[in-house]
Protein chains: 2
Amino acid sequence: MPQTMTSADLRTRNQVRLLRAVHDAVEPFTRAEAARLLGIGRNTAAALVGELERARLLHEVPAEPGGRGRPTTLLVPHPEGPVAFAVDLREDTWTLASAGLGGGATELESGEHDRTPAVFAEIREAVARHGGERLAVLGLATSGPIRDGHRLHVSHLGWDEVELDDLIGADWPRTVVDNDARLAGLAEARRGALRGTGTAMHFHIDFDIGGTLLLGGDAQRGAHRIAGEFGHMPLTGSPLACMCGVRGCWSLDVGANALVRRFGGTPGHGAGRELAQEVLRRAEAGDAEAGAALDENAAALGRGLGALANALDPEAISLSGLGVELIRLRREVIEAHCAEGLMAFRRDEPPRITAGTVGAAGPLTGAAEIAWDVILSPEWVRERL
Amino acid sequence: MPQTMTSADLRTRNQVRLLRAVHDAVEPFTRAEAARLLGIGRNTAAALVGELERARLLHEVPAEPGGRGRPTTLLVPHPEGPVAFAVDLREDTWTLASAGLGGGATELESGEHDRTPAVFAEIREAVARHGGERLAVLGLATSGPIRDGHRLHVSHLGWDEVELDDLIGADWPRTVVDNDARLAGLAEARRGALRGTGTAMHFHIDFDIGGTLLLGGDAQRGAHRIAGEFGHMPLTGSPLACMCGVRGCWSLDVGANALVRRFGGTPGHGAGRELAQEVLRRAEAGDAEAGAALDENAAALGRGLGALANALDPEAISLSGLGVELIRLRREVIEAHCAEGLMAFRRDEPPRITAGTVGAAGPLTGAAEIAWDVILSPEWVRERL
DNA sequence: TTGTTATGTTCCCATCGAGAACAAAATCAG
DNA sequence: CTGATTTTGTTCTCGATGGGAACATAACAA
């Protein structure tokens with residue numbers, strides 16, 4: 001496991017550091033600022049940028065003068081530089097987007113699908129339509145755990161152990177895949193509400209609840225890359241059996257399925273999202289029963305967050321999906337029950353609970369991030385020159 | 001946040017890599033093997049080792065010839081090299097040990113204490129008695145969470161927000177502190193049952209249960225460095241109120257306190273450990289009620305482990321304290337209830353549940369590790385030359 | 001117009017690790 | 001006992017890297 005050794009590796013390393021700084025920056029910065037940021041000399045910065053410009057990875061544009069001093073250049077993505085494609089594969093739709101250095105994604109195409117793995121061929125064709133020389137890596141977000149990075153398991157589509165290696169063949173560009181909830185969390189950590197946190201958590205609340213632990217801007221993946229099933233811990237004392245095969249899961253009390261069940265429906269089939277939206281509408285309009293349902297959902301959410309905060313000590317927790325509405329309408333309920341679940345000695349410093357700012361674009365943004373993580377690696381950059 | 005830039009940093013980096021390899025190795029290795037291991041040339045290895053020998057960080061001793069080829073030298077700790085001291089501060093005793101490069105710890109002194117923070121002065125004196133020129137860093141393990149690394153909270157000693165910065169003053173050597181359960185886990189990850197795992201968990205079961213998530217050989221610490229209170233999640237549906245201020249904690253059903261409660265005692269005062277030992281003895285002798293108590297404890301343990309495995313996907317889980325006996329006597333119960341708590345699709349690949357191999361020396365060994373982590377840093381090594 | 005300030009550019013230099021060639025010290029084959 | 005083989009140590013040269021100093025350049029300010 002060699003990390004770095006030769007002087008050439010040192011150069012590559014500094015090039016990657018520079019590219020990563022550009023990618024992660026909120027605002028573009030100048031070459032001189034880059035030198036200060038990386039702690040290198042102006043001469044070295046000039047050499048690095050020159051090589052990256054020649055490799056069509058960075059581009060320099062004149063910066064408007066901002067005070068005294070010789071005018072300098074802004075470091076921006078190269079117009080002919082590599083791009084990452086990102087795919088968000090949902091229950092019955094898919095979206096393809098393109099993202100350059102810096103992360104800004106533009107949607108290219110989207111479509112519906114028939115809930116069979118044939119959608120992968122459809123996506124492959126869309127990628128071929130839009131992908132040119134500049135396409136470097138494809139990041140794909142799907143729901144459901146992906147064991148060891150290739151065995152996909154989406155229960156609500158009836159996909160059981162779908163073999164991704166068979167569906168994503170040699171005619172695909174270099175492709176990296178991950179779970180949508182985890183990628184939504186990664187997006188928040190890199191470009192959203194969790195930016196800058198050392199330890200944080202993100203939860204996506206849809207039919208049920210899934211999430212990820214974010215450490216230093218990266219998502220914890222686990223030994224088989226199926227970490228994040230926080231919704232399948234018994235955090236709320238439910239006596240019910242969950243579809244996952246366990247009894248008492250947190251997800252039984254949080255999310256659209258819990259709302260469906262409360263109003264007498266059978267979870268797991270179809271119209272849960274519409275019902276959830278309707279409950280939200282009615283609760284906002286003052287309907288007592290809908291309000292009570294929301295209270296229960298928010299209370300169960302908060303109770304679980306408190307328990308998880310005891311164990312993992314996050315600085316902040318962001319929510320997406322239904323969670324955004326729950327925060328908007330029932331923040332006090334969530335926070336009160338979170339505090340109740342927190343050990344007494346930590347109640348004066350509870351985790352910040354916040355709505356994600358990347359929103360519904362989370363999985364797509366996260367997929368672009370993991371694709372760019374491949375590009376911004378020493379191996380890839382060295383290959384490119 | 002500069003990671004590395006100059007060529008001098010490159011050299012330091014490789015020196016640290018070499019020292020870390022020696023520290024982490026199970027068996028000593030030769031200079032030629034080191035070159036292969038780090039992916040550097042024999043000439044470079046010779047230069048690195050020479051400098052480290054002059055800095056009294058490494059020592060070369062003739063290796064007994066093992067086949068053909070010119071005889072070489074074994075890389076071993078320098079006899080005058082730096083040592084780390086490690087302290088394990090327990091409820092009413094403390095132990096001081098010394099650990100050299102490679103981790104082998106030898107006990108220096110131990111004593112009892114009066115359960116007041118005055119024990120820190122006592123420890124300071126013992127350190128001064130044994131510490132000479134070679135003492136570089138002190139690692140200290142205590143029970144209880146240590147918020148932000150300096151505010152100690154040990155409920156069963158009645159220490160509430162004890163300020164470590166006041167107790168560990170400028171007359172101490174460079175000191176690093178952490179929680180005993182976390183350090184026990186770190187010890188397993190570095191030198192015990194979890195060695196080589198990418199994602200693993202460790203739990204120490206005493207009066208209650210505490211643990212840590214281990215990622216790539218390091219312990220997850222959390223935003224306020226108080227992560228690891230897994231025992232205070234409601235994983236077993238207990239209706240009771242816990243001393244921590246929360247209702248339903250896992251710890252209410254696992255550990256010595258749970259046994260005390262089951263046999264009519266009041267947890268939190270004294271003799272829980274003796275009772276636990278007696279229950280173990282009686283259960284092993286065939287006593288039905290003691291056996292049932294053990295069953296319940298093991299079942300609750302397994303149930304929680306399964307839930308946590310869903311969320312964090314560890315490759316292996318090691319246990320210390322009472323957990324060792326529980327594995328020895330009730331492995332099937334633990335594993336069965338763990339499987340029951342695992343989502344169905346992961347039951348064919350459950351986490352390996354194993355007794356820790358570092359044993360009672362876990363906190364001390366872990367304390368030595370965090371002390372050596374300071375020594376094996378580029379900053380420290382560069383300072384030493 | 002002239003001084004100030006921030007940046008770009010060009011040079012030289014110390015250091016680092018790679019690689020090749022050779023030397024040294026053991027084992028193995030006869 | 002001798003010579004071939006194997007593995008490692010040692011020495012030397014070389015290209016590349018980043019630091020630093022000196023100078024050039026282009027804006028602003030007085």
Side-chain angles (χ1 to χ4, degrees), chain A residues 2-19 21 28-55 58-76 378 381-382 385, chain B residues 2-19 21 28-55 58-76 378 381-382 385:
Chain A
Q3 301 169 338
T4 183
M5 33 220 155
T6 165
S7 349
D9 291 326
L10 180 57
R11 171 68 75 140
T12 310
R13 207 185 169 76
N14 278 334
Q15 282 169 331
V16 169
R17 281 212 298 153
L18 179 52
L19 287 172
F29 50 81
T30 69
R31 207 172 73 182
E33 287 168 340
R36 280 190 293 271
L37 194 64
L38 302 193
I40 59 180
R42 294 195 302 271
N43 48 358
T44 308
L48 288 175
V49 171
E51 290 167 23
L52 292 173
E53 173 95 53
R54 277 192 295 282
L58 267 191
H59 189 53
E60 290 187 278
V61 297
E64 69 273 26
R68 278 188 173 179
R70 177 170 173 169
T72 176
T73 56
L74 232 40
L75 303 182
V76 298
V381 170
R382 181 181 313 126
L385 260 174
Chain B
Q3 301 171 339
T4 183
M5 30 219 158
T6 165
S7 348
D9 291 327
L10 181 57
R11 170 68 77 147
T12 311
R13 210 184 166 76
N14 278 333
Q15 283 169 330
V16 169
R17 282 212 299 153
L18 178 53
L19 287 172
F29 50 82
T30 69
R31 206 172 72 181
E33 287 169 340
R36 280 190 295 270
L37 193 65
L38 301 194
I40 59 181
R42 295 195 301 273
N43 48 358
T44 308
L48 287 174
V49 171
E51 290 168 22
L52 292 172
E53 172 96 51
R54 276 193 294 283
L58 268 190
H59 189 53
E60 290 187 280
V61 296
E64 69 274 26
R68 278 188 173 179
R70 177 171 173 168
T72 176
T73 56
L74 232 41
L75 304 181
V76 298
V381 170
R382 181 181 314 126
L385 262 174

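The sequence lines fix the lettering, A, B, ..., with proteins before strands; numbering per chain opens at 1. Fair warning: this is a prediction, and the values are worked out from it, not measured in the lab.
- For D/dT17, one of the phosphate oxygens OP1 or OP2 lies less than 4.0 angstrom from a side-chain nitrogen or oxygen of A/Arg11.
- The interatomic distance linking A/Leu74 (CG) with C/dG8 (P) rounds to 11 Å, in whole Å.
- Distance B/Gln15 CD to C/dC16 C1': 11 Å, rounded to the nearest Å.
- Between D/dT8, C/dA25, C/dC16, one nucleotide has an atom nearer to the side chain of B/Pro71 than all others, and that is C/dA25.
- At the phosphate of C/dG8, OP1 or OP2 sits under 4.0 Å from a side-chain N or O atom of A/Thr72.
- For D/dT8, the OP1/OP2 oxygens have a side-chain nitrogen or oxygen of B/Arg36 closer than 4.0 Å.
- Whole-Å rounding puts the B/Asp9 CG to C/dA14 P distance at 19 Å.
- Checking C/dG8, D/dT17, D/dA29 against the side-chain heavy atoms of A/Arg68 singles out D/dA29 as nearest.
- Residue A/Thr44 places at least one side-chain N or O closer than 4.0 Å to OP1 or OP2 of D/dG19.
- In this structure, A/Leu38 places its CG atom 15 Å from C1' of D/dT17, rounding to the nearest Å.
- Residues A/Thr12 and A/Pro378 share a closest heavy-atom pair of CG2-O, 3.5 Å.
- In this structure, A/Arg13 reaches neither bases nor backbone, as no heavy-atom distance under 4.0 Å exists between it and the strands shown.
- Each of B/Asn43 and B/Glu51 was matched to the nucleotide of DNA chain C holding its nearest heavy atom; the match closer to the 5' end belongs to B/Glu51.
- At the phosphate of C/dG8, OP1 or OP2 sits under 4.0 Å from a side-chain N or O atom of A/Arg31.
- At C/dG17, one or more side-chain N or O atoms of B/Asn14 fall inside 4.0 Å of OP1 or OP2 (strictly under the cut-off).
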Q: List the steps, then state whether side-chain contact (heavy atoms from CB on, under 4.5 Å) holds for A/Asp9 with A/Arg382.
A: CA-CA 9 Å; A/Asp9 291 326; A/Arg382 181 181 313 126; 3.2 Å; yes

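- B/Arg42 comes within 4.0 angstrom of a base, heavy atoms only.
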Q: Apply side-chain contact (heavy atoms from CB on, under 4.5 Å) to the pair A/Arg11 and A/Leu48, showing each step before the final yes or no.
A: CA-CA 8 Å; A/Arg11 171 68 75 140; A/Leu48 288 175; 3.4 Å; yes

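- B/Thr6 comes within 4.0 angstrom of the backbone, heavy atoms only, and of no base.
- Judged by distance alone, with hydrogens and angles left aside, the side-chain atoms of A/Glu53 form a donor-acceptor pair with the main-chain N or O of A/Glu60 at under 3.5 Å.
- At a threshold of 4.5 Å between non-hydrogen side-chain atoms, the residues A/Thr44 and A/Leu38 do not count as touching.
- Atom CE of A/Met5 is separated from atom P of D/dT17 by 15 Å (rounded to the nearest Å).
- The A/Arg70 side chain lies nearest to D/dA26 when the options are C/dC28, D/dA26, D/dG18.
- Regarding A/Ile40, its CD1 atom lies at a distance of 13 Å from the P atom of D/dT17, rounded to whole Å.
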